[in-house]
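Below is one structure, written out as structure tokens, with a few remarks after it.
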Amino acid sequence: AEYPVRRKLLNIWNLLGVNGVYLASYLSQYNIKTKIINNFDSDWDLLCSAYKACKKPPLVGISTTFYLSYREVRRIIKKIHNIFPDVNIAIGGAFTNEQFISKNIQSFEKPMRKYGVDYVFHAFNSESDLKDLILKRKNNLNINEFYNMVYIEDGKYKTTPVRFNSPVLDETPVLWEQIDIPLNGHTVQMRTSSGCPFACTFCSYPKTAKTFKVMSCAVVEKHINALLNIHDIDKIIFIDDTFNAVKSRFKDMCHMFSKYDFEWFSFLRVQFVDEETVRLMKESGCKAVYLGIESANEVVLKNMNKKATPDQFMRGIKLLKKYDIASVAAFIIGFPGETEKSIDNNIEFIETSGIDFYTLKEFYYMQHTSVYERRNEFGLSGIGSKWEHSTMDYMTAYNMKIKMFQSIKNSVFIDADTSLWYIAYLFDQGYSIDNISRIQKEINSIILSQYEGIYDDHPAMENLKHLVSV
């Protein structure tokens, strides 16, 4: 399809991402002009137009937030350099930060030379480092006098000093009206905090983010007011990892949200909610939340350092159900302590709790997590997606995931990587939560048949055509 047509297709990646918009807002205060390319495969024509409008070859930045390897970076750069060989490429984000932590600063040289990357930003919160590079390039200044970057210059691989950057939150300028936002719907994403005050042993975020910092409610309101003044925006996804970590602040924000006419989605620590909080969420426009349940087994939760119990999760989910707020519950399969019994605990919990949607993902073992420090205690070996420990290995975890998918009837499985964004995107496109559930049930029925070796035409295809066209 032509690119303008692609932007109108049902495609989760057409949902406006947060990284480009946030960076464009931050950089605009320094009179740095940007063009946001939201979905490379839908917006290629916009990138071409932006290149032609530049007086000199632009710097193209690639966010690696959703990447686990250089594969996509290679594909994107190859297409760009085939048409625009004089473009400089900078990459940064979660993948480059993970590579820096788990390997070393010299590990970037080989892929940079192989794929044509000019600059790599490897720090967390690296927007100020990118700003420094752009301004120094713009003014033809020496670029070796700042931080958190590796680059290739005159054929030589060079590094700059490393330092930690504090997150930019209250200091983020309210300049939304100055940004050319490539809106393909009515939804934007917003961050009101950085880091996480918890220390789950499977998660690298507390170590990479280091600090937990929140934006003041007054500044949050300024951003919301500015966003809602932009034509057609009436939905917000709050991407904070722990949106309600500070309970009093969360209630204050719900009160503030009630002053405006918009609907919202967020991540939620459901063990912290009470009836007053959930009522405020409902009254302020909350449609759905993502819950990091991870496990319904006491032993596994203790090993994860979740500091929550299945009973606390159950109580919170019942309140969400009472106030008709949809829930997406995430489960990690195969963490140390996982057994067939704990899998059965998960199945029973999902079947009886009232969860609307659930996701399943096998444990992913990383060196920069605290479970790595306890590897001898758990008999844990391997790395990444291939591991084993004293109670399970990665292949058994995969089979347990399939068992759960085939067994659960009272909740709807959705993809773990898109999860809440999938719900919010389809809702943005005009589908009710009930319709989204019905669509996904039909998709799941096809997947179940294929697991059983049935690949013929499935009656669900006709049902999907009807549901999607509603």
For a quick test of reading the model, state the closest non-hydrogen atom pair linking [X] to [Y] and the distance between them.
| X | Y | value |
| --- | --- | --- |
| His81 | Gly116 | CE1-O, 3.4 Å |
| Cys200 | Ser370 | O-OG, 4.2 Å |
| Pro173 | Gln29 | CD-NE2, 3.5 Å |
| Ala24 | Ile179 | CB-CG2, 3.8 Å |

Report the distance from atom [atom1] of [X] to atom [atom2] of [Y], rounding to the nearest 0.5 Å.
| X | Y | atom1 | atom2 | value |
| --- | --- | --- | --- | --- |
| Ile91 | Ile62 | CD1 | CD1 | 7.0 Å |
| Ser193 | Asp240 | OG | CG | 3.5 Å |
| Tyr147 | Thr160 | OH | OG1 | 9.0 Å |
| Leu183 | Ile181 | CG | CD1 | 7.0 Å |
| Lys56 | Lys138 | NZ | NZ | 9.0 Å |
| Phe202 | Thr369 | CZ | OG1 | 10.0 Å |

Taking [Y]'s backbone N and O only, do any of them form a donor-acceptor pair with [X]'s side chain (distance below 3.5 Å, no angle check)?
| X | Y | value |
| --- | --- | --- |
| Ser25 | Tyr22 | no |
| Arg249 | Met215 | yes |
| Asp118 | Ile89 | yes |
| Asn14 | Arg6 | yes |
| Thr159 | Val150 | no |
| Asn244 | Phe250 | no |
| Asp43 | Asn39 | yes |

Six-ring centre of [Y], [X] cation under 6.0 angstrom, axis tolerance 45°:
| X | Y | result |
| --- | --- | --- |
| Lys158 | Tyr151 | no |
| Lys287 | Trp264 | no |
| Lys131 | Tyr30 | yes |

Can you tell me which residue among Trp421, Phe238, Phe243 is in a ring-ring contact (aromatic ring centres under 6.0 Å, His included) with Phe267? Trp421

Among residues at least two apart in sequence or on other chains, which ones pass side-chain hydrogen bond (donor to acceptor under 3.5 Å, both in side chains) with [X]?
| X | result |
| --- | --- |
| Glu283 | Arg279 |
| Glu72 | Arg75 |
| Lys35 | Asp180 |
| Ser69 | none |

Count the heavy atoms of every other residue, nucleotide or ligand shown that sit under 6.0 Å from [atom1] of [X], and state whether that count exceeds 12.
| X | atom1 | result |
| --- | --- | --- |
| Asn139 | CG | yes |
| Lys386 | NZ | no |
| Arg163 | CZ | yes |

Evaluate the criterion ring pair (Phe, Tyr, Trp, His ring centres under 6.0 Å) for residue pair Phe272 and Phe198; output intermediate values, then yes/no. CA-CA 13 Å; Phe272 293 151; Phe198 302 96; 5.8 Å; yes

So, using side-chain contact (heavy atoms from CB on, under 4.5 Å) as the criterion, who are the partners of Leu228 when residues are at least two apart?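 Leu228 satisfies side-chain contact (heavy atoms from CB on, under 4.5 Å) with Ile224, Ile233, Tyr260, Phe262 once adjacent residues are dropped.
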
Within-4.5 Å side-chain heavy-atom neighbours: [X] and [Y]:
| X | Y | result |
| --- | --- | --- |
| Val328 | Ile423 | yes |
| Met281 | Leu320 | yes |
| Leu169 | Arg191 | yes |
| Ile433 | Phe357 | yes |
| Arg7 | Asp45 | yes |
| Met190 | Val18 | no |

Dump the intermediate steps for side chain to side chain contact (heavy atoms under 4.5 Å, CB included) on Val412 and Ser437, then the final yes or no. CA-CA 7 Å; Val412 181; Ser437 178; 3.4 Å; yes

Residue pair Phe84, Val60: steps toward the side chain to side chain contact (heavy atoms under 4.5 Å, CB included) verdict: CA-CA 11 Å; Phe84 310 119; Val60 173; over 6 Å; no

What I want to check is whether the side chains of [X] and [Y] have a donor and an acceptor closer together than 3.5 Å.
| X | Y | value |
| --- | --- | --- |
| Asn463 | Arg438 | no |
| Asn444 | Gln440 | yes |
| Tyr115 | Arg71 | no |
| Ser107 | Asn104 | no |
| Asp129 | Asn148 | yes |
| Thr65 | Asn19 | yes |

Does the ring pair (Phe, Tyr, Trp, His ring centres under 6.0 Å) test come out yes or no for Phe95 and Tyr70, once each step is laid out? CA-CA 9 Å; Phe95 173 66; Tyr70 284 100; 4.9 Å; yes

Start with the C-alpha gap between Phe265 and Phe427, add the side-chain angles, then the distance that decides, and say whether ring pair (Phe, Tyr, Trp, His ring centres under 6.0 Å) holds. CA-CA 11 Å; Phe265 303 78; Phe427 189 80; 5.7 Å; yes

Step by step, work out the side chain to side chain contact (heavy atoms under 4.5 Å, CB included) result for Phe212 and Thr242. CA-CA 10 Å; Phe212 177 62; Thr242 49; 3.7 Å; yes

Short N-O contact, [X] and [Y], less than 4.0 angstrom:
| X | Y | result |
| --- | --- | --- |
| Glu98 | Lys103 | no |
| Lys213 | Asp170 | no |
| Lys156 | Glu153 | no |

Ring centers of Phe363, Tyr394 separated by less than 6.0 Å: no

Test of understanding: with ring pair (Phe, Tyr, Trp, His ring centres under 6.0 Å), list the residues that count as partners of Phe100, not counting sequence neighbours. His122

Evaluate Tyr425 against Thr187 for side chain to side chain contact (heavy atoms under 4.5 Å, CB included), listing each step before the verdict. CA-CA 8 Å; Tyr425 173 69; Thr187 302; over 6 Å; no

